[in-house]
Amino acid sequence: MADRDSLPLPLEVRARLAELELELSEGDITQKGYEKKRSKLLKAYLPHTPGAERRIPVTPSSSSSSSSRYQRRRSTGTRDERYRSDVHSEAVQAALERHSERKMAVLLPSKRQSLIGQTSMDTYTPPDSSSGSDAEGSLGRAGGVSMDSWISRALHGSPSTSSSSSSHSNSSANAARLAETNMHSYSSKNSITHVINYIIVYMCVGVPVSSRVSAKIQQLVNTLKRPKRRPLREFFVEDFEELLEVQQPDPSLPRPEGAESTPIQGEELNGLKNCPSSLEAALLRWGAIAPKAPCLTTTHSNAKQPYTLTYGKLWSKSLKLAYNLLHKLGSKQEPIIHPGDRVALVYPNNDPAAFMVAFYGCLLAEVVPVPIEVPLTKKDAGSQQIGFLLGSCGVAVALTSDACHKGLPKSASGDVMQFKGWPKLLWVLTDSKHLSKPPREWFPLIKDANNDTAYIEYKTCKDGSVLGITVTRMAMLTHCQTLKHTCGYSEAETMVNVLDFKKGIGLWHSIQTSVLNMLHVVSVPYALMKVNPLSWIQKVCQYKGSISSCDAFLKVFQSMGLRSEVICPCAGSPEALTVAVRRPQEGSSKPAGRGVLSMTNLSHGVIRVDTGEKLSVLALQDVGTAMPGAMVCVVKLEGVPQLCKTDEIGEICVSSVATGTSYYGLTGMSKNTFEVGLVSDCVFVRSGLLGFVGPGEMIFISGTLEGLMQVGGRKHNADDIIATALAVEPMKFIYRGRTVVFSVNVLYDERIVLVAEQRPDSTEEESYQWMSRVLQAIDGIHQVGVYCLALVPANTLPKTPLGGIHLSETKQLFLEGALHPCSILMCPHSCITNLPKPRQKQPEVGPASVMVGNLVAGKRMAQASGRDLSHMEDNEQFLFLSEVLQWRAQTTPDHILYTLINTRGAIGSSLTCLQLHKRAEKIATLLYERGQLQDGDHVALVYSPGLDLIAAFYGCLYAGCIPITVRPPHPQNISTTLPTVKMILEVSRSVCVMTTQAISKLLKSRDASVAVDFKSWPPILETDDLPKRRCPLLYKPCDPDSLAYLDFSVSTTGILAGVKMSHNATSALCRSVKLQCELYPSREVAVCLDPYCGLGFVLWCLCSVYAGQQSVLISPMDLEVNPALWLQSVSQFKVRDTFCSYSVMELCIRSLSSLTDSLKARGMDLTRVRSCVVVAEERPRVALTQSFCKLFKDVGLHPRAVSTAFGCRVNLAICLQGTSGPDPTTVYVDMRALRHDRVRLVERGSPHSLPLMESGKILPGVRIIIANPETKGPIGDSHLGEIWVHSPQNASGYFTVLGEENVRSDHFGARLSFGDTQTVWARTGYLGFLRRTDLTDASGERHDALYVVGALDEVMELRGMKYHPIDIETSIIRAHRNITECAAFTWTNLLVVVVELDGSEQEALDLVPMVTNVVLEEHYLIVGVVVVVDTGVIPINSRGEKQRMHLRDGFLADQLDPIYVAYNM
C-alpha cells in the first residue's frame, strides 16, 4: 500500500484531472459523469484491493473524510488561490471548531414553492469560467484510504500532513453543522459577538418551514431578547433630538507608538549606457538587428498552431499602421487624426499580437492610445463609464482587428451599434489587408523620450466611475528600465504572461519592457486557461522561462523543480506604476520578509506582531524594496498628508519619474493624487495601496484603498473578508471566484455586504447553514458583523472582461433593488450598534404640574370650539327625522331629495319627498304585518348602495324599529364576506333582515349555505313587493334621547363595534353639517361614499331629509366599471359640493391619469366645484390629495377646493371644511419630536419634516380639547395628545364591542383630572394637536386648526418612542418601484412589515434589504420581519383605511400565502 500511495501520476493525467474538477465546479459536467471519467483515468494507476466495496459518492455530511477532502484539494493549487492562506484557513477552521459543541438549525425564511423552484437544475445556466471553485464529488473506498487523499499525495509528491489539514480533520464530523459562539466570550467591548452569541443560543431549536409563523417570530424574539449593550442610564434630552450613539474613544484601543517614519530611497538606476532612448528606438533597433527574433507567441484554446510575431514583423506592421493613421484617414487637407490625438484600442484578450502592433503603431504616429475592453453587448458592466472616458478624452477613432469587428453588435444597417454613453466612433481595422503600404521615402520621426503623453490607462474606481491615467513617454521608458534592472531581464529571454496585456502588470512587462529588452513573450490567453489551467506551466517547462506566482504555488510545485528565488511578489497601481518587486539574486542569503500580524490591531491601523492563539491574524509577505531611482513613504489615510509612524498602516506614496502624471481632464483630483508634497523638493504620487515599511526597508502591502471598509471606526479590507468566507467549509454551495464584498452606507456608517453566486444543486437549508457559518467566522476573525449576505443564481452577476465580478455594478444593483437574490440573510440587529438611545420613562408628572408649566412658559392650553348653534329654522323645531320627512312630504311633496346615477352616467332613479314618505309607510306596514315586530326591535338592512336602503331606513323609523345598515356579501367572495354579515346580525341582536329579492336569493344560495347555514338566519323580508295600503299609525318616539339607529363599523385596529345614536344626536349632527356646508333645498350635493356607517351614512341617508338639498348619489362600486362616473356626474349636474373617500380618489388617479385630455375634450368641467371633501377616519393623506389636485387641474379643479373631514365612532363628524371660513392649512412638523409626544414646527423640506394637513373646520356646537391619554390632564398646544370632544351630537355609547372586551368605560363619559372636571367628554381614540393660525374665521377671531396624527390604538411604542404606522409605510412605499402597498405593525415588540409586490416572484427578495434600509435611515428602527405578498392581500375597508390588525392576525395564523418571509437577525 505504501508503494501505491507514493506512485506519481503522469503530467497529462494530472492536467486532465484538473480540467475535470474545473468542469464540475462550473457545472459543465454532472457529479456522476465526473466520477465516471475520473475512475476511468485512474484505473490504470490505482492498484486493486480484494474485497473492496463498490465506490459511492460521499457528500460533505456523510463522512468525516469528505470534510478534510476539501481542505486537501485547496492545497493542490489548481483553483483560484487569490485568497489562499494556510494560516488564515487554519484560523477560520479553529474559530469554527470552538463553536461546534452544539448543533444549530438556521431560522429559515418562509418561501412560496414557486419561488423555491426558480433555481432548479432545469433552468440552470453554467456560469462563466471565472467561477473557479473547489470541485465536489469523490470516490470512497473501504479500507480507510479515500481516493482524494491518494490523488492529493500523488499530485504533491508527498503525504499531506499540514497542520491545517490535521486541524480540519478534527472538526470534519461537524462539517454540515453550524458552529456556535462560545458562551464565555461576552464582553461589553465586543458587542457584535455578544449579539451573535444570543442568536445562536436561541436558534438551536430549529423551526421547519411549514411551522406556524407566530412560532418563528417568537423564536426570533427570544433570539433578540437580551440587549446588545449594557443597560443605559436614564436620561432625558430636553430638545427632543434623537442623537445617534457615537462610539466614544476607548483609551485601551491600540495606538501607534513608534517614531515618525522616513522615506526610503531605492538604489541608483545603473547599467543603461546602451539602452535605447525610447521604446520606438528600441523597436527600430531590434527590427533592424534581429528581425527574425521572436517577439510574441500567442497560444490558442483550439487546435490552431501558435502564432509568433517577430520583431521584424512588429516593426513593419507598426510602421504601416502609423502611416495609415496619419495619411489615410480623412483627406490630405483635413486628416482625421493629428499627432497628440487620442484613439481607442479595442482588442480581445486572445489577440495580443494585434494589440501590440496597434500600440506601437500609435507610438510611431505620436498618437495617444487608450486601451479599453471589447464591448460585447449594450448592457456590458461599466460600458457606459468607459464611454464617458472616451468622450472626455476626445476619442473619435477606435482601432480593432477584423475578427473583433465581426463580433461587435451591429445595427440594422450593418454598422457597429452605438453604445450607451459612447461618443460616435470611426472603427478602423488594423489588419494588414485593410492598410495601405507606406511609400519608401516615408519614415516616422523617432524622438527621444519626452514629457508628451505616451498612453492613457483606464482605472475603474470603487464607485464605478472610470478614470484615465496619463503616462508620459519619459515615465514609460524609465519604468521599463527599472523593471529591466530589478527583474534582471536580458536579451532573448522568454517570458510567459497569463495576465491582461492591455493594462497593469501585463502591459508593463509583456508589451513595453519586453520590447526594450528584446524578450520573447509567450502569451497564454484566459480562454486557454479556462480549458487547461496547467497550460501556462507547460509553456514554462517548454520555454524554460521565468514566471511569477504566489508562495502557495511554490509549495505545490517545489518538488517538481520550481526554485523559490524565481517567485517575485510585486505591487503596483495605475497611478504609481510598479511600486516594488522582490527579486533576490541567486545565491543571496537575504531572507524574504514575513510577518504574522494581529488583524484586530490592523483594523485600528496599528502594526502588532501576533503573540496569541492565531485565530485573528494576517500573514503578510514583503514585496521587495523601493524601485531603483524611486523614493517611497507611507502617509496617513485621513487629513492633511502626513508621514505615518513606523508601526502605523498608511497609504504607500512614490516619488519617481516612472509614475503616472494625472487623471486626464481632472485637474483637482490630479493635484490631490499626483502632487503630494511631503518632503522638500519631492513630489509624491499616491498609489492607492495600503501598507508599511518593515525591517530592512522592505515594503509590505496589507490591502488597497479601494477595498477598504470603515465600520464602527475600524478598517477592514474586502479581500480579507472574502478570504475568511471562502475558508468556511464545505464550499459546495457557492462558486469561489464569484464572490464579492462591498460596503453600503446605512445610518451614518458603512455596512458590509457579501454577495456570491449559488450553485443550482444546493438546497435552501444548506445555503443558510453555510451563511450562518460565514457570519460566525467573520465575527470571530474580524470582530465585525455582516449586514447582508446574499446568494444569487449562477451566472447572473455582472462580469468584468476577464470573467470576474464587476464590483461597482453589483453594488449598484444591490442599492437599486435589482440584484434578484435567491437566498438572503439580513443581520441588522447584530450590525447596527449606533441607534439612538432608547427613551427611558421618567417619573410621572402630575397633570396640574403640566398645566402650571405650560402657563408659566406662556403656552396656551390646547382647546377650541366651533360656532354656536343658537339660530333655529322651520324644520329645526322637529326633534325627530321621521317628523321632518312627514313635514317635507306635506310642504314640498314634489321636491327631489335623492337622485341615483347608474354606471352609464344617467339618472337611474330618484325620490321626491312624497315618494320617500309613501315608501317608508309601506315598509312600516310590512314590518308590522309580515315581520310582527314591536317597538324597539332591531332590523338589519342588507342593501346595495341605492334608494332602497334610504326607504328602508325611514320605514324602520316609522315603525319604531332600530335600523342597522349592513354591507351585503360580495357575490364573488361570498365565503369570506358572508360570515361578517352574519356576525353583525348576531352582535346587533337583529330579529329581522330586510333586503331585496336578489340579495335574498344570494343568502339562500348553495355557496352561501357552505359558509353560513341558512337556517340560522333570522326572518328575511323582501322589500321588492310592498303592501299597497298605508300604515294606520306612524310611530312617534316619546324621548329625544331614545335610540334612533345603530352604527356598526370595523376600526383600523380590527374591532367591530356598534355605537348608539339617539334621535337628539342625529338631529344635532344633521343640523351641524347643514350649517357648516350651507345646505338648503336649492343646493345639489354629489355623494360618492359607502352608505353603511359613519359620516358616509349620514350624508347618504339623513342630511337631504333634514336640510332638503338634492343629493346626487354615486355608488363607489360603480366606479370599478366606469372610473370617471363620479367626476362626470359632478360636471354634468354642475355640483358645487361633493363628498368622496380616499379609495375613490385613488381609483380616479390610477384609472384616469392618462385620460385627462380626453375627459376635457368630452366636456368635463370642474370649475364650479366649491368644496370636494374627503371623508375619512384617519390622518389626511397630503400626497394623495396633492396628486389628485395636480392631475385634474386641467379640467378646472381648484386646489383650494379639496379638503378633508374627520369623524370617529364617538362623534361621526368632528371637523368638516364646509363652504365658508379660511382655507385648510398645511404645517410641517419634526417627526422626531412627535415620537416624544412633542409638536415642533419646521420649515418645508427640513430633515425629518412631516407634512400634516388640517382635518377640516370644527363643526358648530363641537368643543375640542387635547388631553394626555394617560393622566387625563389638559396639555398645551405644543404637545401631542388625545382628541376629546364635547358635543350634543356625540353618540350615546357602545351597543356592543367584538374584538376588545376591555374597552375603556370612559370612552363616552370621560372627565379631566384637573381643570374643568365637570364637563363630560368623549374620547376619540385619536392623537392630534391644535394650532392657532394667523387666519380669521367668519366671526373675525383667529382660526384654530385641528391636525390628526393617528389612531392611539395603532401607535407602536418601540425603544421607548412612539411611531405611527403611516409614517413608516410612507417611507417604505418610496423604497422600491415594485412596492404598491405596505402595512406595518408590531408583535411582541418586533416590527413586522408586509409589502405587496407588483412584479415577478423572483424579485421578492430584492425588497428585503430595501425595506430594512429605508426604515433604518428614516426612522432609526430595525425591521424584524419582512413579509412579501401579492397585490391586494393587505385588507382595506370601504373608507380606504388599512386593516392592520386583521392583517396581523392573518399573518400569525399563516393565512396570507406570502411569497417570501424574511426574518432579520
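Every value quoted in this text rests on a predicted model; they were computed, and no experiment measured them.
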Engineer: So Trp422 and Trp427, would you call those rings parallel, tilted or perpendicular, with 30° and 60° as cut-offs?
Structural biologist: parallel
Engineer: I'd like to check His806 versus Thr460 (side-chain heavy atoms, cut-off strictly below 4.5 Å). Are they in contact?
Structural biologist: yes
Engineer: Please tell me if the side chains of His716 and Ser743 come closer than 4.5 Å, counting only heavy atoms from C-beta onward.
Structural biologist: no
Engineer: Testing the 3.5 Å rule here: is there a donor-acceptor pair between the side chains of Tyr787 and Asn1413?
Structural biologist: yes
Engineer: Within the 3.5 Å criterion, strictly below it, is a donor on Thr578 or His479 matched to an acceptor on the partner's side chain?
Structural biologist: yes
Engineer: Checking the side chain of Ser655 only, and the main-chain atoms of Val683 only, is there a donor and an acceptor separated by less than 3.5 Å?
Structural biologist: yes
Engineer: Are Ser662 and Thr470 linked by a side-chain donor-acceptor pair shorter than 3.5 Å?
Structural biologist: yes
Engineer: For a 4.5 angstrom cut-off between non-hydrogen side-chain atoms, does Ile652 reach Val632?
Structural biologist: yes
Engineer: Are Lys459 and Glu575 close enough for a salt bridge, meaning some N to O gap below 4.0 Å?
Structural biologist: yes
Engineer: Distance-only, no hydrogens or angles: does the Tyr360 side chain make a donor-acceptor pair with backbone N or O of Leu279 under 3.5 Å?
Structural biologist: no
Engineer: State, without any angle test, whether His782 and Thr724 hold a side-chain donor-acceptor pair at a distance under 3.5 Å.
Structural biologist: yes
Engineer: Is there a side-chain contact between His485 and Met627 in this structure, where contact means two heavy atoms from C-beta onward sitting under 4.5 Å apart?
Structural biologist: no
Engineer: Can you say whether the rings of Phe692 and Phe700 are parallel (under 30°), tilted (30 to 60°) or perpendicular (over 60°)?
Structural biologist: parallel
Engineer: Classify the side-chain pair Tyr748/Glu1417 by whether it contains a donor and acceptor separated by less than 3.5 Å.
Structural biologist: no
Engineer: Can we call the ring centroids of Tyr663 and Phe674 under 6.0 Å apart?
Structural biologist: yes
Engineer: With heavy-atom distances below 4.5 Å as the criterion, would you say the side chains of Val635 and Cys653 are in contact?
Structural biologist: yes
Engineer: Is there side-chain contact between Lys811 and Leu815, with at least one heavy-atom pair below 4.5 Å?
Structural biologist: yes
Engineer: Taking the side chain as every heavy atom from C-beta outward, state whether Pro641 and Glu651 have any atom pair closer than 4.5 Å.
Structural biologist: no
Engineer: With no hydrogens and no angle check, is any side-chain donor or acceptor of Asn601 less than 3.5 Å from a backbone partner on Val606?
Structural biologist: no
Engineer: Salt bridge or not between Glu648 and Lys636? Use side-chain N to carboxylate O under 4.0 Å.
Structural biologist: yes
Engineer: Using atom types as modelled and distance alone, determine if a side-chain donor or acceptor of Lys462 lies under 3.5 Å from a backbone N or O of Leu708.
Structural biologist: yes
Engineer: Is Glu373 paired with Lys503 through a side-chain N to carboxylate O contact shorter than 4.0 Å?
Structural biologist: no
Engineer: Taking the side chain as C-beta and beyond, is there a heavy-atom pair between Ile832 and Arg751 under 4.5 Å?
Structural biologist: yes
Engineer: Do the side chains of Lys502 and Asp500 get close enough for a salt bridge, i.e. N-O under 4.0 angstrom?
Structural biologist: yes
Engineer: How far apart are the closest heavy atoms of Val657 and Ala475, and which atoms are they?
Structural biologist: O-CB, 3.2 Å
